[in-house]
Amino acid sequence: MNYNFAQIEKKWQDIWDAKNVFAATDDYSKPKYYALVEFPYPSGKGLHVGHPRSYTALDIVSRKRRMEGYNVLYPMGWDAFGLPTENFAIKNHIHPEIVTRQNVDRFKSQLKSLGLSFDWNREVNTTDPNYYKWTQWIFLQLFKKGLAYKKEMSVNWCTSCKCVLANEEVVGGVCERCGSEVVHKVKSQWMLKITAYAQRLIDDLEKVDYIDRVKTSQINWIGRSTGAEVDFATTAGDVLTVYTTRPDTLFGATYMVISPEHPYIEKWADRIENLDKIKEYRAEAAKKSDFERTELVKDKTGVKIEGVMGINPVNGKEIPIFISDYVLMTYGTGAIMAVPAHDTRDWDFAKKFDLPIIEVVKGGQVEEEAFTDCETGIMVNSDFLDGLTVEEAKGKIKTWLEEKGKGHAKVNYKLRDWVFSRQRYWGEPIPIVHCEKCGYVPLPESELPLTLPEVDSYEPTESGESPLAKMTDWVNTTCPHCGGPAKRETDTMPQWAGSSWYFMRYCDPNNNDALAAKEALDYWLPVDWYNGGMEHTTLHLLYSRFWHKFLYDIGVVSTPEPYAKRTSHGMILGENGEKMSKSRGNVVNPDEIVGEYGADTMRLYEMFIGDFEKSAPWSSSSIKGCKRFLDRVWNLQEHLTDGEAYRPELEIAMNKAVKKVTEDIEQLKFNTAIATMMALLNDIADTGCVNHREYKALLTMLNPFAPHITEEIWEQQGFGGMLNQQKWVGFDPDKCVEATVEIVVQLAGKIKARLNLPADSSKEAVLAAAKADSAIAALIDGKTILKEIYVPGKLVNLVVK
RNA sequence: GCGGGAGUGGCGGAAUGGCAGACGCGCUGGUCUUAGGAGCCAGUUCUCCGGAGUGUGGGUUCAAGUCCCAUCUCCCGCACCA
């Protein structure tokens, strides 16, 4: 008989809601557990089947923790500022706030239909003024500490829409919406100095338990490199400083390159004989889109600067200086020394412009290609460095540079400061006013939140300013400092802002005096287990760690790191193995799955689909197996017998299963935990019945995975109380081993026989039994045993000659 | 190009260096049935029945899907970072 999942699931969701059973308490004397999943962006498309994979996983952990006696915080909220909502609002002339509310309602009812044990009392929404008040407050603290500043920055500009685009809106070098060309335009932008935290963001990864691939991508993203800044004198009489990771190759530097945006072009204007050509190249480079730049990676371009030469500090040789767009103004000093013999890009450039290539590390064929893989090589053609290893030369040259005052060791990071402005409506207003007299002045904290004004149109202006710029009543204000006329900042914050601290707000979501009470933060933080997608392992994770560290520095939080443990789930792909998308027509709608099979089956299937950390294709037939399993668990009710202890024939199977499920949940091995329960059910079914004790244990283990059906059975059988409030099942380690074990007997690694022996047999007894086995005896007859390997409880391997 | 991950039955996937293919799907046969796209039972890597099998080629080991070296393919992220 099939069970009526629709009715049962609704019933229990209502009961849990009414009784508030999953609320975290403010009793700070209890042991706490903070489980966190990334709060979703409530898009108009509704929940994706990928969302519940993460949510169910930590729901299982949370439910288990509650059964283990922890005060569990498992919250949910909405990362609701953002472009799709704004674009939808523009297109349909609906206020983004209304769009957001509709989307949130839909998402919330979808999540509720899955029976996730979120504490809905602590729901947060980044677009709520009571929330973004504190996002703005954090920004003000950053500003006060000099970590927020304004800077001229190149931004993406759609030539057709005439507006600024976020990087995410630029797809393949063209505008995501209209498909026209995107170019760079310089605008003044708010920046956050995340680079000041670069080293700590690397170092403190040692303090946390993140899966390795997450740590690795964080480290790679920050991109630390060690080298030296070297001062090259020029014939213009000034000094051009370059950054290099290979100061040891200085004797091989045969030319220099500066970025097209380098300020020295202005400085040298009078001396440059081909200034027109240089300026023309610079204009071309500025016009190039990112797309073109990357397309042309292989084909180096550039112009030689006529009239100024660089002087190599190690040998006094004059070398030419070029401008080329392969040198970026945003990294290092915007200028490089080129060593074509040992750098592929320099080599390509040197070949094209017919520049000398001087080998300084032995071992390559530098006329054929750049010899870059030379860290173990020996220096040549390098005067006082000759004969040294690369490693030794690096040390010696750094000392030499410092002694001569021509340079110093230097660490650089690929990480750039965070561009924090968006010329958009649907984001947190930046709480700064600009006064002619006083400059950028922070809004007094008492004036927070600075709420978004009503506007008629959400579209960016022709000049690329935020739609807020059109609201002159709002823009024109008085300076909080001098009282004179001033203008409000019209840019808003990026979507990353609200999500950089949301886990703090959950600790105390309704606080009006602080982002959260100190004792609440001290009790709940750090987050004990944070799970989310790999797509957020660089930006979101880095940004929120940065903010947390800053708040730690100013005493708001008491831990240097926000998340003690970070794991990541794989994507759920469409049935054809491709990423789910409307255009591919392979989208699975979670509502339909819940409607057809129920939430418990859906949850179970998403956990059973494969290795939690890897991506897996959806299968509309495999899910039936999970439904069948639950049906069989339900039907076990018809075969229930008395008995408050495991029956002897099931004792070991029960204990082993409990142990396995208990351990697997902690290791993200939900798929094998479920397989274990399925196998256990098969064992129970083989006996023709189930007793109370066995059934209770099975239901308790299964409850975090399939909370509704198990709760219903528990109630129908009158097992007492609510199942979710029972104690987690224990196991007896001594009862996890069978009395007899099958020992495999191998001859030189090939299986030749199997023996059933008591588990406590001695090595001698097992070996004797193996040799006595008729098949083995025949095979080893007349041969010498060279080696006997015995793996307790598993196998015997005999090596004979 | 750089970084990360993965290659195991028809499919999703299991396997602290120790019995490869747990568990599930699908399929085959049986049973029950007016009926079965329900339930239950049995079987299901290939095989010339000796064996052979974890992308390919080497190696270490008593023993390799697992460790080492080389190589191929696929997926994801970054993309001239000096």
Side-chain angles (χ1 to χ4, degrees), chain A residues 1-2 212-217 219-221 223-225 227 242-247 249 253 256-257 259 290 293-294 296-300 324-328 330-339 342-346 348-349 372 412-416 534-535 537-538 570-571 573 575 577-579 604-605 608-611 613-626 628-629 631-632 635 669 671-682 685 742-751 753-754 785-800:
Chain A
M1 208 198 87
N2 292 354
D212 285 341
R213 59 192 171 132
V214 170
K215 279 191 187 180
T216 308
S217 40
I219 289 167
N220 290 343
W221 190 263
R224 182 184 201 266
S225 74
V242 303
Y243 172 70
T244 176
T245 55
R246 296 295 306 276
T249 62
M256 302 176 81
V257 187
S259 147
D290 285 340
R293 276 208 184 194
T294 50
L296 299 171
V297 162
K298 290 265 145 53
D299 189 23
K300 298 277 178 293
S324 172
D325 62 5
Y326 88 84
V327 174
L328 310 173
T330 45
Y331 183 76
T333 61
I336 62 158
M337 63 175 212
V339 184
H342 303 286
D343 182 284
T344 316
R345 295 152 304 177
D346 297 346
D348 290 344
F349 193 86
T372 55
N412 256 324
Y413 302 90
K414 286 186 198 173
L415 183 70
R416 317 266 167 90
M534 276 308 280
E535 68 274 20
T537 48
T538 46
M571 249 189 298
L573 306 170
E575 287 224 62
E578 292 172 25
K579 203 170 162 176
L604 202 65
Y605 176 60
F608 188 61
I609 195 166
D611 185 333
E613 301 196 66
K614 291 182 196 142
S615 54
W618 185 268
S619 164
S620 50
S621 59
S622 282
I623 191 171
K624 290 177 188 157
C626 292
R628 262 174 225 157
F629 169 66
D631 283 339
R632 292 177 68 203
N635 292 337
K669 292 165 85 175
N671 53 338
T672 51
I674 293 166
T676 301
M677 289 187 279
M678 287 174 167
L680 178 65
L681 177 67
N682 291 342
E742 189 181 68
I743 303 280
V744 171
V745 185
Q746 297 181 332
L747 244 50
K750 303 279 179 208
I751 298 158
R754 292 160 191 280
I785 296 176
L786 300 176
K787 204 162 184 179
E788 296 171 340
I789 287 110
Y790 170 62
V791 182
K794 287 199 173 139
L795 64 78
V796 167
N797 190 12
L798 303 174
V799 185
V800 294

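Everything quoted here is computed from the prediction, not taken from an experiment. Labels below follow one simple rule: chain letters A, B, ... track the order of the sequence lines, proteins then strands, and each chain is numbered from 1. These numbers come from the heavy atoms of this one structure, side chains and all, not from hydrogens, waters or symmetry mates.
Between A:Asp343 and A:Ile336 there is no side-chain heavy-atom pair separated by less than 4.5 Å.
The partner of B:A70 is B:U56, judged by Watson-Crick or G-U wobble contacts that both fall below 3.5 Å. Under the Watson-Crick or G-U wobble criterion, with both distances below 3.5 Å, B:A38 has no partner in any strand shown.
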Can you name the atoms? Protein N/O to nucleotides 24-26 of chain B N/O, anything below 3.5 Å, with the distance.
| from | atom 1 | to | atom 2 | distance (Å) |
| --- | --- | --- | --- | --- |
| B:G24 | OP1 | A:Asn682 | ND2 | 3.3 |
| B:C25 | OP1 | A:Arg628 | NH1 | 2.5 |
| B:C25 | O2' | A:Ser621 | OG | 2.8 |
| B:G26 | OP2 | A:Arg628 | NH1 | 3.4 |

Between the protein and nucleotides 17-21 of chain B, which nitrogen or oxygen pairs are less than 3.5 angstrom apart?
| from | atom 1 | to | atom 2 | distance (Å) |
| --- | --- | --- | --- | --- |
| B:G18 | N2 | A:Asn797 | ND2 | 3.4 |
| B:C19 | O2 | A:Arg754 | NH1 | 2.2 |
| B:C19 | O2 | A:Arg754 | NH2 | 3.3 |
| B:C19 | N3 | A:Glu742 | OE1 | 3.2 |

Got a list of protein N/O to nucleotides 47-49 of chain B N/O distances below 3.5 Å?
none

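Take A:Trp221 and apply the ring pair (Phe, Tyr, Trp, His ring centres under 6.0 Å) test, not counting sequence neighbours, and it matches no residue. With sequence neighbours left out, the salt bridge (Lys or Arg N to Asp or Glu O under 4.0 Å) criterion links A:Arg628 to no other residue.
Between B:G4, B:G13, B:A82, one nucleotide has an atom nearer to the side chain of A:Thr216 than all others, and that is B:G4. Which of B:C62, B:A14, B:C78 sits closest to the side chain of A:Thr672 comes down to B:A14.
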Under 3.5 Å, side-chain donor or acceptor atoms of residues 742-751 of chain A against the rest of the protein: list the pairs with distances, not counting sequence neighbours.
| from | atom 1 | to | atom 2 | distance (Å) |
| --- | --- | --- | --- | --- |
| A:Glu742 | OE1 | A:Arg754 | NH1 | 3.4 |

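Classified by its glycosidic torsion, B:G77 falls in the anti category, the angle being over 90° from 0.
Here A:Lys669 lies in heavy-atom contact (under 4.0 Å) with sugar-phosphate atoms only.
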